[in-house]
> 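Just passing along the structure, written as structure tokens.
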2 protein chains.
Amino acid sequence: MRPTTKDLAKAAGVSLATVDRVLNGRSGVRQKTVDAVNEAITRIGFERNQVAATLARQRGYRFGFVVPRSGDEFLSVIVKHISEFDQASRAEMIQTKIVRIDEHDPHRAARTLSRLSADEYDGIAIMAPETPQIRDALYRMRERGIQTVAIISNQQEEDDQSFVGIDNVAAGATAGRLMARFLGNRSGDILVLAETMQSRDSLERRLGFDRVMSPGYPQFHALPTLETHGYPERTNLVLKNALAAHPDIVGLYIMGSEARAAIECARQLKPDGKLITIAHERTPSTEQALRDNTLDALINQDPGHIVRSAIRTLRAKCENRETLASQERIRIEILISENL
Amino acid sequence: MRPTTKDLAKAAGVSLATVDRVLNGRSGVRQKTVDAVNEAITRIGFERNQVAATLARQRGYRFGFVVPRSGDEFLSVIVKHISEFDQASRAEMIQTKIVRIDEHDPHRAARTLSRLSADEYDGIAIMAPETPQIRDALYRMRERGIQTVAIISNQQEEDDQSFVGIDNVAAGATAGRLMARFLGNRSGDILVLAETMQSRDSLERRLGFDRVMSPGYPQFHALPTLETHGYPERTNLVLKNALAAHPDIVGLYIMGSEARAAIECARQLKPDGKLITIAHERTPSTEQALRDNTLDALINQDPGHIVRSAIRTLRAKCENRETLASQERIRIEILISENL
DNA sequence: CTGTTTTTGAGGTGCGTACCTCAAAAACTT
DNA sequence: AAGTTTTTGAGGTACGCACCTCAAAAACAG
């Protein structure tokens, strides 16, 4: 039989009340007593029964997902998965809410974050570009006793347990390698497209891409990143200009998570030239493009996995546990039309 | 506030005891009453609190993983993940044991299965080739009240909820497409290697592979599958013979989950020719081969995911729930050295 | 209608923990 | 040593459900 708190109390030579105080980090216990209880924990191999604990705690967990207000297609996929998970996890007493922030106004965003209280949330998963204001707000949030994780875009140099998402340098490298291999023995220029190069994600992807291309494949020349700023018209324009200026384009790498406009352009270009096109994030449009061969490959991070992993990570932090690393590692998926 | 069994009893106009009888499928309740309770469930949106339920049930869940006794490298990875999960899920009151069966002796295997009792196991995940004996044993197991899922190799035409693994036809097609694209505009013969073509997995992979190659790429010719039967010496032999007989070999597709010997051969062949090599399942050796460029790509199914998904599926069955489809779908992963 | 069987209700206990209160004990302070 | 503060113990309640017993009620059979 697994030892219970009762057994633990006996083993440590203290009362249940003291065991409770130690286990839940309440104050008013001498260090000596704390040590004695901890010693007993390891000695008898006590493990808190999380099932009973959550039941007794009465209120399960309330987590918030902070996401940009205005978003691309990928964001809506994420949001869909959040509410799907919320549905499915009600029986496990986990509630999930979505909190929108203004990604273009760091101050307002920080203010929104500062209003999130520990009475309302046990943990927050945040998806936002890193700015000093946000970083600060997160710091204060943790001081208020709210657990945090960053998802998709890493905030600063966080530790493993505070970021759920992929290594974007590796993702860019993956795209680069595929691009090179799919191009085979051809040669020419490669277009690289991003929403903005201000964001760390784009910078890292480009870095990884170049790291593979530059030394390994001198026959290709990846042009400077073109910025679309998320506007379809601008995307059309910069693409058209680039194609005019560089007749020898053989590849197109769409780095951002909003690929619709770029794909549309590629679709029109595709029939004549054999343009190899690679994009990120599986969405209805990228999936469609993969099926109709407009896209040759898709680099994806499973949004469902990210959402669930963020929740598990937050919960583990609330319960002061470690996560199972292998489960929380988000894969850089390569999708082609055969393994959709 | 979420409705509890008490609320449900009131809403259905019955007592708590009757609600309990209906919820847990006990006998001695008129159909009419059952219907009334079920109606009330949907009407007030009752959802059983699983946390409280497992606590009250006292004993959590005991699951068994039935795996072949003698196995390849992939199997040991699976086993590692099972015990890792067992460790991590003790706090959730889930126990997992490994049961070995003799894969080469269907009768003995079936006998082992028949000895698994409902007193010991709530559910069984089985990884075994399909034979009439096993199929039968599984059927009887379900009659005994033990839930089952097949993992990795599907048993017959099971429904979605009874199989955790990948679509091997699609996996073969993925390998085929990658092979073709990596070969580019070259032409020649492609070697296909399997442990045995008796197994459904190999047949399906080959089918998928051919479905992509045959119509789409006339410049390649995939040779008949060579069987290694899992013996390194035989692998060496058949490979050597094949290479002698077909000087024009440009690709090697290793279909089985035991790739060590074949990789070793490929490693020796690689320097001179530009042999494109694709294998299945990530293991220490295939991973190493990917890093040193002996392998060009790896088709993988995440063993950790499979194990966890099998458990979740079994648990859902025990609790008479549906699973979250998107979470249980095992991906056909494409691995190259950049996204390991 | 009576006797038998089936169905239902009322009530209880326990799971392992959280969280609360109040008094007693121990540890400090001056 | 007396007073003050800190630490500990004892005991209780609650969470939502599973599982049990026994008696009462309802349905059915003859």
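Quick note on labels: first sequence line is chain A, next is B, and so on, each numbered from 1. Just so you know, these numbers come straight off a predicted model, no measurement behind them.
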> Could you give the CZ-to-C1' distance, from A:Arg2 to C:dC15, as a whole number of Å?
12 Å
> With sequence neighbours excluded, give me every salt bridge (charged side-chain N to carboxylate O under 4.0 Å, His left out) pair touching residues 81-100 of chain A.
A:Arg90-B:Glu47
> Separation of B:Gln31 atom CD from C:dT6 atom P, in whole Å?
17 Å
> Can you tell me the distance, in whole Å, between the CE atom of A:Met1 and the P atom of C:dG14?
14 Å
> Report the residues that fulfil salt bridge (Lys or Arg N to Asp or Glu O under 4.0 Å) with A:Glu39, sequence neighbours left out, ordered by chain and then residue number.
A:Arg43
> Which residues pass the salt bridge (Lys or Arg N to Asp or Glu O under 4.0 Å) test with B:Arg135, not counting sequence neighbours?
B:Glu130
> The criterion is side-chain hydrogen bond (donor to acceptor under 3.5 Å, both in side chains); which residues satisfy it with B:Arg2, sequence neighbours excluded?
none
> Could you note down all residue pairs passing salt bridge (charged side-chain N to carboxylate O under 4.0 Å, His left out) where residues 303-313 of chain B supplies at least one of them, sequence neighbours left out?
B:Arg312-B:Glu328
> Listed by chain and number, what are the salt bridge (Lys or Arg N to Asp or Glu O under 4.0 Å) partners of A:Arg57, not counting sequence neighbours?
none
> Can a salt bridge be assigned to the pair A:Asp302 and A:Arg282 using a cut-off of 4.0 Å between side-chain N and carboxylate O?
no
> Using the test salt bridge (Lys or Arg N to Asp or Glu O under 4.0 Å), find all partners of B:Asp136 that sit at least two apart in sequence or belong to another chain.
B:Arg140
> Below 4.0 angstrom, N of the basic side chain to O of the carboxylate: do B:Glu333 and B:Arg331 qualify?
no
> What residues from residues 34-58 of chain B pass a heavy-atom cutoff of under 4.0 Å to DNA chain C?
B:Leu55, B:Ala56, B:Gln58
> What one-letter contact string describes nucleotides 23-28 of chain D from 5' to 3', where B marks a base within less than 4.0 Å of any protein heavy atom, S marks contact via sugar-phosphate atoms alone, and - marks no contact?
----S-
> Tell me: CZ of B:Arg59 to P of C:dG16, nearest whole Å?
14 Å
> Could you give the NZ-to-C1' distance, from A:Lys6 to D:dA10, as a whole number of Å?
13 Å
> For B:Ser83, enumerate each residue passing the side chain to side chain contact (heavy atoms under 4.5 Å, CB included) test, keeping only those at least two apart in sequence or located in another chain.
none
> To the nearest Å, how far apart are A:Leu8 CG and C:dG16 P?
14 Å
> Could you identify which residues of residues 11-26 of chain B place a heavy atom less than 4.0 Å from some atom of DNA chain C, listed by residue number, or say none?
B:Gly13, B:Val14, B:Ser15, B:Ala17, B:Thr18, B:Arg21
> Suppose the criterion is salt bridge (charged side-chain N to carboxylate O under 4.0 Å, His left out): which pairs have a residue in residues 16-25 of chain A, not counting sequence neighbours?
A:Asp20-A:Arg26
